[in-house]
Amino acid sequence: MNNLLKKLKKANKFSFFSFWILFLLYIGAFLADFISPYPYDCQYRQYSLCPPTKIHFIDKNGKFHLRPFIYGIKVINPYFNEYEIDYSKIYPIRFFVKVPERKIFGRIKFGICLFRVEDEGKIFLFGTDIHGRDIFSRILYGARISLSIGIIGVCISFLLGLLIGGISGYFGGKLDTFLMRIVEIIMVFPGFYLMLALRASFPLNLSSIEIYLLIVVILSFIGWASLARIIRGMVLSIKEEEYILASRALGLSSFRIIIRHILPNTFSYSITALTLSIPGYILGESALSILGLGIQEPYPSWGNMLSSAIGNLKILTTAPWMLIPGFFIFLTIICFNFLGDGLRTVFDPKNW
Amino acid sequence: MKKYILRRLAQFIPLIFGMTLISFLIINLAPGDYFTQLKMNPEISPQTIEEMRKSFGLDKHPIIQYFYWIKNVLKFNLGESFAYHVPVSFLIKQKLKNTISLSIFSLLLTWLISIPLGIYAATKEGKWQEKILSFLAYIGISIPSFLIAMLLVFFSAKTMVFPIGGTTSIFSPDATSWEKFIDYIRHLLLPGIALTLSGIGSLYRLMKNNFLEALESPYIITAYAKGLPKLKVFYKHALRNSINPMITIFGYELSGILSGAALVEIITNWPGMGRLILDAVLSQDIYLVMASLLIGGILLVVGNLLSDILIAFADPRIRLR
Amino acid sequence: MEKILEIKNLIVSFKIREKKVKILRGVDLSIEKNEVVSLAGESGSGKTLTGLSVIKLLPKNAFFENGEIYIDGENILEFSEIEMEKIRGEKIGMIFQEPSSYLNPVYTVGNQVEEAIKGKINKKEKKEKVIQIFKEVGLKENVYFKYPHQLSGGMQQRVLISIALINNPYLLIADEVTTALDVTTAIQIIELLKNLINKFKLSVLFITHDISLAKIFSHKIAVMYSGEIVEIGPIQKIFENPLHPYTENLISCLPEKYKKGDKLKTIPGNIPDFENLPSGCSFHPRCYYKKEICLTNQPGKTQIEERFVRCFKYGNIVENRKS
């Protein structure tokens with residue numbers, strides 16, 4: 001693994017950094033219960049659409065505090081969501097604070113939070129949404145959905161694509177034609193339309209788990225087709241190589257040949273293709289969630305956090321911090337793209 | 001040449017049939033149907049529901065339903081929308097025009113910008129101009145189209161540069177059709193630019209790579225050996241060959257544009273097919289969904305056919321087998 | 001006799017991964033009017049690079065480090081690009097190896113030959129000129145409207161020859177022109193070239209890896225090994241009595257030198273990597289005759305009658321060139 005990282009760094013500095021940024025994001029998602037100051041569904045109605053809280057080290061009188069602190073928030077006009085900084089109240093930020101027990105992954109009880117202020121003060125690093133929920137915390141919890149769906153969906157598509165592409169390419173003939181016709185027909189629909197139509201086949205109100213699985217299934221269904229076609233092409237050319245002929249002469253079963261000889265040769269390309277297609281899956285989930293067809297409230301995903309910004313111009317213009325989830329999506333995508341490019345350079349035989 | 005076109009058309013037809021089959025299958029995967037919702041409403045009697053089901057043909061076996069539907073599709077009758085109680089084809093006709101105009105506008109704009117930029121970057125490969133452009137393109141490829149659309153809407157709302165939403169402003173009765181046209185274009189700008197910006201990145205990169213590859217080809221050396229000036233070598237020889245692969249992907253581009261257009265339409269409130277299919281999904285209006293899916297697919301296939309024909313014109317190796 | 005081409009001490013290097021690697025290490029060659037000089041050697045010896053240097057179309061990372069190339073008395077290494085554009089096609093014509101790749105697939109061959117015509121003449125006359133040269137090279141008139149992919153390899157090569165010769169250049173550079181063709185077609189092209197050279201009194205630099213081809217119409221042959229010319233002289237003499245050990249090996253490998261039952265001879269070893277040349281004479285690892293001096297010093301040019309050879313077997317001239 002270290003070897004790979006070193007090669008990656010040599011190939012492309014950006015991809016090296018991207019790897020670590022993604023690593024941080026995934027850690028953040030995993031440790032969301034610990035890092036976020038507030039639960040994802042905790043509403044502070046009087047603080048809805050509150051701007052991000054600034055952290056200070058130097059107070060109004062010019063005094064330097066070792067421990068960072070925030071000022072209080074004065075509610076001026078709750079109906080128009082106007083707030084002002086209350087310089088009279090200073091809340092130092094405390095670390096590793098004991099909090100009312102939370103359940104990690106819904107099971108294990110856990111009572112420590114990374115950073116927090118006294119209950120009277122509110123630290124909204126990224127502001128709040130329309131229900132007064134802390135966006136920073138929701139981003140961390142939302143990362144779980146947005147980051148995992150991509151990986152899981154891609155893995156399933158990969159397995160499907162590999163299997164079908166491999167079989168189709170190896171056996172050829174009528175089986176190949178039939179399978180490729182199906183692939184073609186699936187690919188002929190614009191992705192977005194297909195996604196929506198598949199979603200429409202199922203009831204709108206499903207439990208969170210069901211929706212999660214459904215999205216994974218839908219994304220995989222759209223994705224396997226193009227991968228299968230590419231794998232098939234590669235198999236076709238590898239098939240003609242001499243060591244395959246040798247394997248057949250030795251009497252290996254077709255299945256074995258496909259699994260042990262042909263498919264491993266497609267791996268270097270596949271891994272790069274996978275990494276580069278993860279952004280597509282993340283976008284798919286985000287698109288569904290923005291439209292209200294994906295992960296449902298109150299559970300956050302970066303997509304559905306953006307849904308209140310659509311169609312409601314007032315919210316968008318007065319609370320631009322609502323777009324922060326969008327930037328996280330962008331960050332994740334660009335990191336995966338850099339990573340994929342770096343992998344591609346690393347695996348390119350010309351560089352060996 | 002004619003044979004080639006006929007051959008492509010012949011492949012067209014089974015593809016369309018396959019598409020209708022898949023559209024139908026997908027929709028009928030659904031456990032329950034439109035009426036499951038209604039059944040929950042105690043005010044509507046079960047008999048009424050049963051009658052409505054019969055009138056929509058939902059009580060028959062799925063295969064029979066499929067053939068009825070196909071028969072109707074061929075007659076251009078795509079069924080009736082449950083929610084709006086108007087023929088689906090009527091709804092689609094309205095919105096299709098808007099989606100097509102948006103798609104064509106941004107496709108043209110994307111190409112007009114990406115191709116010269118790509119060529120320019122290819123000539124400045126390795127220098128700072130190319131590095132900046134490529135970095136920008138990278139960002140462009142990675143930014144989700146909906147984020148670009150949202151940012152543009154935000155920017156537009158703050159500065160009132162573009163009209164947001166809809167295709168028309170309110171007019172006095174004696175506005176000329178030219179004025180109406182200009183107004184339409186003004187409304188088209190916001191979604192159009194959002195869509196263009198999200199598409200430029202990848203097309204720029206492709207064009208740059210194609211041009212660089214063309215420049216490495218042996219026939220370029222022949223061209224120089226003839227004593228042709230650099231400019232002529234670039235524009236007569238390299239350019240022609242680098243554009244050809246772009247034409248091939250034109251069909252694929254169209255797919256991306258249609259998908260991207262749908263999402264951008266929804267965010268910028270442009271009344272097109274995207275909005276239509278979304279509403280249809282939200283109300284489980286199956287005929288509308290099926291028809292939208294089918295039309296989306298057909299648009300794509302037509303786009304692919306067009307690009308196949310275009311490439312045949314442009315590349316003699318394909319034209320003259 | 002006047003020299004059409006004179007290459008003096010040509011040094012061409014490549015910039016590979018920030019390092020500078022010398023490929024042509026001091027090439028001397030001259031071609032007189034109506035003379036055909038073959039440049040022979042294995043793949044990777046630098047022959048094609050020499051050809052490209054004469055027409056000043058070096059690949060991307062290559063550059064001229066030193067030397068002079070005189071064409072018709074002028075040093076083209078001092079020419080600007082615009083001046084080079086003038087003489088390319090007009091004074092120098094070049095034919096390449098794989099005709100199918102060297103022709104642009106989207107234009108008709110007629111179009112491509114026509115655009116090579118220099119001078120202001122109208123379209124109709126240009127077309128006539130093309131048809132005329134087609135006749136010379138043995139192409140029918142209707143080929144004018146064909147695309148490269150519609151022609152056979154031999155016909156494509158004839159098109160390339162037309163392009164090179166349409167302006168009646170002094171100098172023709174032919175780079176491995178038959179390598180990509182099948183044997184029958186290759187023979188036809190060679191015959192064609194022979195006729196054209198005689199008819200138009202061309203001076204030719206004939207680059208090849210097949211020295212038996214060189215024998216067919218060359219006057220002189222220059223043998224190239226790892227970036228320098230190791231032997232140069234009249235073709236007949238070299239075949240009868242090769243001086244340099246490398247030339248000796250090359251000629252003894254020719255099939256005609258074998259009697260039935262002989263073992264096939266090869267030259268042991270491989271051509272050296274330009275980034276890691278052997279010390280001293282670059283051929284010594286594969287040389288049968290090597291002496292101690294060969295490992296430490298590079299041989300200079302020794303003249304024997306009208307021939308030149310770089311080998312310590314014949315003289316002790318040392319010419320150590322730092323890389």
| task | Tell me, for C/Gln150 versus chain B, whether the close heavy atoms (under 4.5 Å) come from the side chain, the backbone, both or neither. | result | side chain

| So which part of C/Leu103 gets closer than 4.5 Å to some heavy atom of chain B, the side chain, the backbone, both or neither? | backbone

| message | When you measure from the centre of the six-membered ring of C/Phe63, is the NZ or CZ of C/Lys15 closer than 6.0 Å and no more than 45° off the axis? | response | no

| Which answer fits C/Lys118, side chain, backbone, both or neither, if we ask what part of it has an atom under 4.5 Å from a heavy atom of chain B? | side chain

| query | Taking all non-hydrogen atoms of both residues, which atom of C/Ile55 and which atom of C/Arg88 are closest, and how far apart? | reply | O-NE, 2.9 Å

| said: Report which part of C/Lys56 has an atom under 4.5 Å of a heavy atom belonging to chain B: side chain, backbone, both, or neither. | reply: neither

| task | Go through the atoms of B/Lys236 and report whether side chain, backbone, both or neither lie under 4.5 Å from a heavy atom of chain C. | result | both

| In terms of heavy-atom proximity below 4.5 Å to chain B, should C/Leu160 be classed as side chain, backbone, both, or neither? | side chain

| task | Give a yes or no answer on whether the side chain of C/Ser13 reaches the backbone of C/Glu65 with a donor-acceptor pair at less than 3.5 Å. | result | no

| Looking at B/Ile220, B/Ile221, B/Asp315, B/Asn244, which makes the most heavy-atom pairs under 4.5 Å with chain C? | B/Ile221

| query | Non-hydrogen atoms of chain B under 4.5 Å away: do they reach the side chain of C/Glu81, the backbone, both or neither? | reply | neither

| task | Describe, in one word, how the ring planes of B/Tyr219 and B/His237 are oriented to each other, choosing from parallel (under 30°), tilted (30 to 60°) and perpendicular (over 60°). | result | tilted

